[in-house]
**Student:** 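Once you've had a glance at the structure underneath, I'll fire off some questions.
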Amino acid sequence: MADRTLMHMTAARLRDAIARREVSAREVAEAALAQVEALDARVHAFNQVTPDLALAAAERIDRMVAAGEDLPPLAGVPAGIKDNMNLLGTRTTCSSRILENYESVYTCTAVQRLLDAGALPIGKCNMDEFAFGSSTENSAFGPTRNPWDLERVPGGSSGGSAAAVAARMATVSLGSDTGGSIRQPGALTGTVAVKPTYGRVSRYGLVAFASSLDQIGPFARTVEDAALVLQAIAGKDPMDATSVDEPVSDYIAALDAGVAGLRVGVVTDMLELEGCAGEVRASVERAAKAFADLGADVGEVELPMSRHGLSAYYIIGPAEASSNLARFDGIRYGYRVPDAEDVLDLCMRSRAEGFGTETIRRVMLGTYALSAGYYDAYYGQAQKTRTLIMREFAEAFERFDVLLTPTSPTVAFKIGEKASDPLAMYLSDVYTIPLNLAGLPGISVPAGLCEESGLPIGVQIAARHFDESTMFRAAAALEGALGLDMTPPLVRET
Amino acid sequence: MAITEAEVRHVAMLARLALTDEQVQHLARELSSILGHIDEIKALDLAGVEPTAHAFPVRNVMRPDEVRPGLPRDLALANAPEARDGAFVIPRIVGAEEGA
Amino acid sequence: MAKDRLAGVLERYEAVIGLEIHTELTSLNSKMFCGCPVAFGGEPNTRVCPVCLGMPGALPVPNEAAVEATVLAGLALDCEIARFSQFHRKNYFYPDMPKNYQISQYDLPFCTNGRLDVEVGEGDAAYVTRIGITRIHLEEDTGKMIHVGGAEGRIAGADFSLVDFNRAGTPLIELVTEPDIRTPEEARRFAQTLRTIFLALGISDCSMEEGSMRVDANVSIRPRGASEFGTKAEVKNMNSFKALHDALAYEIVRQADLLDSGGRVVQETRHWDAGAKRTSALRSKEEAHDYRYFPEPDMVPFEFTDEWIESVRAKLPELPAARRDRYVSDLGLPKQDARLIADDVALSRFFEAAVQAAGASRAKPVANWVLGELSAHLNATGAAVDECGVSPAMLAELVVLVDDGVISGKQAKEVFAEMVVTGEMPGAIVERKGMRQVSDEAAIEAAVRKVLDENPAEVSSYRAGKTGLVGWFVGQVMREMRGQANPAVVNEVVRRLLEQ
């Protein structure tokens with residue numbers, strides 16, 4: 001009988017326990033698989049569970065232990081992988097019917113680095129189709145449910161990766177973030193969620209949504225674990241021309257440095273946005289006070305250009321996506337209608353039948369924005385807006401070392417609540433999008449539970465390009481100061 | 001900005017999506033509504049502002065001219081809906097430019 | 001037909017032609033954006049990877065040698081090299097294009113605003129025309145399709161098609177000229193001259209047959225003296241220089257006939273059928289092209305410094321036109337011979353090595369041998385010059401042997417034929433076969449006297465005025481000496497003794 005309590009341990013402690021032979025990697029893998037078995041029928045965090053891969057990876061770790069070798073930093077740590085990252089031996093479906101049976105033919109660089117660091121791949125996590133969404137409802141294989149309340153969404157698009165960690169089915173996981181797809185579900189599931197600086201982590205093998213915005217990052221239950229995962233996956237990759245050749249600093253070494261003297265800027269105009277729940281605002285204020293109490297130098301800043309970020313994002317994202325998704329044509333892979341009359345018919349119907357509603361909406365929007373006569377008014381204008389948003393952040397970072405904002409304007413909403421209103425859904429990412437546009441790193445840290453609903457609330461800490469160390473340092477300090485227990489009732493009960 | 005059903009059909013052709021009439025109607029409404037919000041960006045005075053394609057100004061990223069192992073053919077064709085003689089099979093091409 | 005009528009048509013109309021030339025960078029090791037090898041043919045889908053197959057999640061990384069080759073081409077054609085440049089995506093669907101967008105360049109190509117001076121015609125009719133080069137940019141090639149069923153592997157009527165992505169992602173440079181070309185011959189000479197330059201740069205094998213060099217043309221005509229352009233047609237599928245010439249000739253005459261009969265030219269793409277010797281309009285979809293270009297977000301821009309551009313310029317080899325001029329001015333070759341050698345990089349290398357060995361004063365006979373026996377040998381065997389069995393040193397030695405009078409020209413041809421087979425040096429062959437030519441006047445005089453003594457009748461006829469017999473006497477002497485006599489000396493001695 002597997003010991004599922006192992007799944008309450010952090011990645012850092014698991015590795016040490018394995019190194020000290022208190023537990024074997026195989027036992028950890030079995031614990032994770034048992035937790036999946038117990039909970040995933042209700043949560044649906046996984047599209048595919050990979051016991052064979054997990055157990056084989058565990059066996060490699062146990063052999064290293066037996067041989068007395070030094071263990072890699074994530075040895076024996078159960079990990080979930082968003083289903084838009086290729087891993088040989090698994091399907092990569094992007095939660096889309098068009099890729100339902102698509103078998104990976106190579107492995108994503110970030111996933112390979114995670115496995116090289118000793119992690120055990122538990123499975124591929126559910127998501128909004130092609131990462132289009134903020135609720136994981138846009139999955140061809142059904143929604144993921146929030147472990148805090150099974151009637152609610154876990155956020156999205158990396159909702160499966162978030163829910164898997166929140167429900168202790170994986171100790172850490174990888175998600176991808178184009179406009180908030182890691183941080184927003186992180187906030188809604190009470191997990192720590194990181195979008196690194198654009199270019200910090202290779203995108204090779206991540207099925208592209210918006211190439212200039214996408215970034216892979218970790219989910220974990222602690223800031224330390226998130227830092228461990230980013231440490232493992234970060235760095236230049238010759239296979240990704242947009243990955244940046246900047247040294248990766250030692251994130252763990254920075255964690256305990258404290259925030260005394262750190263300049264924290266609270267972005268006040270974001271708090272005043274319509275639609276920002278009072279509880280969310282209160283959490284940011286609580287976090288600001290915690291920083292001040294720790295000796296940080298807390299001030300206020302406004303980012304007025306950022307409010308145009310949503311518009312810029314809903315031009316750039318769909319435009320790039322419309323081109324990135326053109327390759328799904330039913331010729332080399334993916335869904336193909338059985339009765340096509342000719343190639344055009346094959347392509348048009350395979351795409352229309354293979355893509356879900358939101359995917360079609362984004363592809364249409366992006367195609368329109370790039371089409372003749374509209375480029376300057378939309379894409380060109382959006383890219384210029386991006387310039388001003390970056391400039392505004394650069395000025396803010398002259399005065400502050402980190403910026404503090406809400407992660408999401410609301411707590412987790414009910415399944416179906418926003419399904420028929422794309423615009424309301426798009427607003428979920430209003431605080432996270434500006435960082436993608438500016439390429440900046442951001443982390444969502446649990447900052448409390450809503451008094452009324454008992455649901456988690458997260459705050460976002462942003463830092464300068466490639467200054468993830470300072471971001472983690474501030475997040476770790478806040479985590480320590482707040483001392484929250486973020487165990488969902490579902491996990492406590494079972 | 002309102003987008004007409006005719007424009008939706010034109011864009012759907014560019015995007016190679018065979019939409020039903022119902023989808024066309026829905027999309028005309030939805031896209032008009034979304035564009036109605038996005039259009040605020042057109043009002044921004046951005047004259048003289050340089051566009052940003054990437055947030056971090058890296059230049060000249062290239063690879064050396066070296067051969068690396070590719071995919072074995074069976075793996076290249078593993079996901080093909082239809083394959084024959086080592087090639088991907090597609091139905092006939094109608095009305096296309098020859099050798100385009 | 002069209003060719004016969006072209007001259008007449010061009011008296012009344014001026015043709016305006018611009019070329020669009022795609023050249024694969026076949027000399028590179030790897031493809032444009034991935035590490036798959038660049039090669040021709042092969043079993044389908046055996047040179048592919050996630051990148052050039054457009055598999056989900058794969059990303060392009062540009063080949064620096066391809067970027068450099070493009071800039072090198074630009075410098076060879078006097079282009080301006082961009083200080084800031086980038087790739088764009090050209091979005092359209094086609095089954096042989098894996099991503100359904102082509103990574104290409106749009107408003108920021110690597111090279112712009114160049115020119116190429118082209119020599120047209122021969123002799124007194126020769127002239128030089130300057131063709132502007134609008135741009136040269138870098139992009140990726142598509143895969144290939146085989147159409148099965150129906151007629152002759154054409155798309156029309158095929159039952160289905162097979163797609164092979166071996167060629168997909170091959171580095172491809174696109175060169176666009178200004179509409180400065182006025183005749184089919186100018187177009188042909190432009191393409192030929194460009195080919196010799198690209199061959200000299202070593203960036204492509206420029207094979208029109210294998211499709212590594214593909215020429216499309218935009219053609220319109222206007223009445224002589226008019227300043228406005230006529231409506232143009234785009235002509236494709238010209239797989240040889242002759243096809244380029246013939247297709248343009250046909251198209252110009254076709255357009256003139258249309259205008260003369262009160263019709264008008266339609267803007268369209270036309271396909272050259274080399275068998276039927278005509279162009280025909282392609283059926284194409286009503287849909288207008290809307291490529292939705294935008295900056296390629298999977299790659300970062302390029303910034304070229306002056307230092308880098310100069311470092312590429314330093315790699316420019318001598319180009320064929322300069323080489324030809326040097327052969328004329330320094331080595332005294334006739335212009336035509338100089339061009340024939342200079343246009344061919346390998347032949348030039350061979351020629352110059354042979355001249356080096358034989359001495360510059362013997363450049364002309366070396367050129368004669370290179371263009372004569374050597375070229376005939378290459379044509380007959382299909383061998384490349386650097387692996388044809390004859391080295392520059394061998395040819396040089398042969399030329400020196402003739403020039404020093406050791407062997408006759410006729411003997412030299414024998415020696416050439418022998419050395420091609422055995423690989424021996426010519427001197428060794430001459431020694432082995434005892435071919436050393438006799439120039440010793442005493443020996444020759446003895447032979448001449450013997451011939452005159454044996455043929456008194458012919459001697460009388462000669463002395464009576466039939467001086468044409470001198471050749472016959474020389475022949476007799478050569479036979480007497482088994483061909484080893486120096487013919488010039490024999491000639492001189494025969495005349496002297498007959499005149500006595």
**Student:** Is it the case that more than 12 heavy atoms not belonging to C/Phe304 sit under 6.0 Å from its CZ atom?
**Tutor:**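 It does: C/Phe304 CZ has more than 12 such atoms within range.
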**Student:** Rounded to the nearest 0.5 Å, what separation is found between the OG atom of A/Ser211 and the CE atom of C/Met299?
**Tutor:**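 One gets 10.0 Å once the value is rounded to the nearest 0.5 Å.
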**Student:** Do the non-hydrogen side-chain atoms of C/Tyr94 and A/Asp329 ever get within less than 4.5 Å of each other?
**Tutor:**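 Side-chain contact under 4.5 Å: no.
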**Student:** Pick one of side chain, backbone, both or neither for C/Asn91, based on which atoms fall under 4.5 Å of a heavy atom in chain A.
**Tutor:**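 It is the side chain, since no backbone atom gets that close.
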**Student:** C/Arg89 and A/Asn324: which non-hydrogen atoms are nearest, and at how many Å?
**Tutor:**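 It is NH1-OD1, 2.8 Å.
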**Student:** Heavy-atom distance under 4.5 Å to chain A: side chain of C/Tyr101, backbone, both or neither?
**Tutor:**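 The side chain, not the backbone.
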**Student:** To the nearest 0.5 Å, what is the distance between CD on A/Gln383 and CZ on C/Phe294?
**Tutor:**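 Rounded to the nearest 0.5 Å, the CD-CZ separation comes to 9.5 Å.
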**Student:** If you take all heavy atoms of A/Cys347 and C/Phe93, which pair is closest and at what distance?
**Tutor:**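 Taking A/Cys347 first and C/Phe93 second, the nearest heavy atoms are SG-CD2, 3.8 Å.
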**Student:** Would you mind checking which part of A/Asn86 comes under 4.5 Å of any heavy atom in chain C, side chain (CB onward), backbone (N, CA, C, O), both or neither?
**Tutor:**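 Only the side chain of A/Asn86 comes within 4.5 Å of chain C.
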**Student:** Between C/Asn45 and A/Arg332, is the side chain to side chain donor-acceptor pair (under 3.5 Å) condition met? List the steps.
**Tutor:** CA-CA 11 Å; C/Asn45 297 303; A/Arg332 284 147 296 123; over 6 Å; no
**Student:** Quick one: of A/Asp240, A/Leu99, A/Thr92, who has the most non-hydrogen atom pairs under 4.5 Å with chain C?
**Tutor:**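 Among A/Asp240, A/Leu99, A/Thr92, the one with the most close pairs to chain C is A/Asp240.
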**Student:** When rounded to the nearest 0.5 angstrom, what is the spacing between NZ in C/Lys99 and CG in A/Leu325?
**Tutor:**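 Reported value, rounded in 0.5 Å steps: 14.5 Å.
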**Student:** For the residue pair C/Gly57 and A/Tyr106, what are the closest heavy atoms and their distance?
**Tutor:**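 It is C-OH, 2.9 Å.
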**Student:** Could you work out, with salt bridge (charged side-chain N to carboxylate O under 4.0 Å, His left out) as the rule, every residue matching A/Asp345, not counting sequence neighbours?
**Tutor:**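 Partners of A/Asp345 by the salt bridge (charged side-chain N to carboxylate O under 4.0 Å, His left out) criterion, ordered by chain and then number, come out as A/Arg349.
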**Student:** Chain A heavy atoms under 4.5 Å from C/Phe33: which part of the residue, side chain, backbone, both or neither?
**Tutor:**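 Neither part.
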**Student:** Calculate, to the nearest 0.5 Å, the distance between atoms OH and CG belonging to A/Tyr374 and C/Asp290 respectively.
**Tutor:**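 CG of C/Asp290 is found 10.5 Å from OH of A/Tyr374.
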**Student:** Identify which of A/Thr367, A/Leu213, A/Asn84 forms the greatest number of heavy-atom pairs closer than 4.5 Å to chain C.
**Tutor:**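 Maximum pair count with chain C is reached by A/Thr367.
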**Student:** Report yes if the side chains of A/Tyr379 and C/Pro295 come closer than 4.5 Å at any heavy-atom pair, otherwise no.
**Tutor:**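 Counting from C-beta outward, A/Tyr379 and C/Pro295 do come under 4.5 Å.
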**Student:** Checking A/Ser322 against chain C: side chain, backbone, both or neither under 4.5 Å from a heavy atom?
**Tutor:**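 Looking at A/Ser322, nothing touches chain C.
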**Student:** Within the structure provided, determine whether A/Tyr102 and C/Met55 are in side-chain contact (heavy-atom separation under 4.5 Å).
**Tutor:**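 In contact.
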**Student:** Under 4.5 Å heavy-atom distance to chain C, tell me which part of A/Cys94 shows up: side chain, backbone, both or neither.
**Tutor:**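 A/Cys94 has no heavy atom closer than 4.5 Å to chain C.
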**Student:** State whether the number of non-hydrogen atoms from other residues, nucleotides or ligands found under 6.0 Å of C/Lys232 atom NZ is greater than 12.
**Tutor:**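 No, the 6.0 Å shell around NZ holds no more than 12 heavy atoms from other groups.
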**Student:** As an exercise: rank C/Phe160, C/Phe165, C/Tyr291 by heavy-atom pairs under 4.5 Å with chain A and give me the winner.
**Tutor:**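 So the answer, after comparing C/Phe160, C/Phe165, C/Tyr291, is C/Phe165.
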**Student:** Is it true that, when you exclude C/Glu310 itself, more than 12 heavy atoms of the residues, nucleotides or ligands shown sit nearer than 6.0 Å to its CD?
**Tutor:**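 It does: C/Glu310 CD has more than 12 such atoms within range.
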**Student:** To the closest 0.5 Å, what do you measure between CD1 (A/Ile331) and CG (C/Asn100)?
**Tutor:**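 Between atom CD1 of A/Ile331 and atom CG of C/Asn100 there are 6.5 Å.
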**Student:** Could you measure the distance from the CG atom of A/Asp214 to the CG atom of C/Asp298? Nearest 0.5 Å is fine.
**Tutor:**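 Output value for this atom pair is 9.0 Å.
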**Student:** Let's test your reading of the structure: which of A/Cys108, A/Ala326, A/Ala241, A/Gly380 forms the most heavy-atom pairs below 4.5 Å with chain C?
**Tutor:**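 Highest number of pairs under 4.5 Å: A/Ala326.
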**Student:** Quick check on A/Tyr204 against chain C: is it the side chain, the backbone, both or neither that has a heavy atom closer than 4.5 Å?
**Tutor:**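 Both backbone and side chain of A/Tyr204 come within 4.5 Å of chain C.
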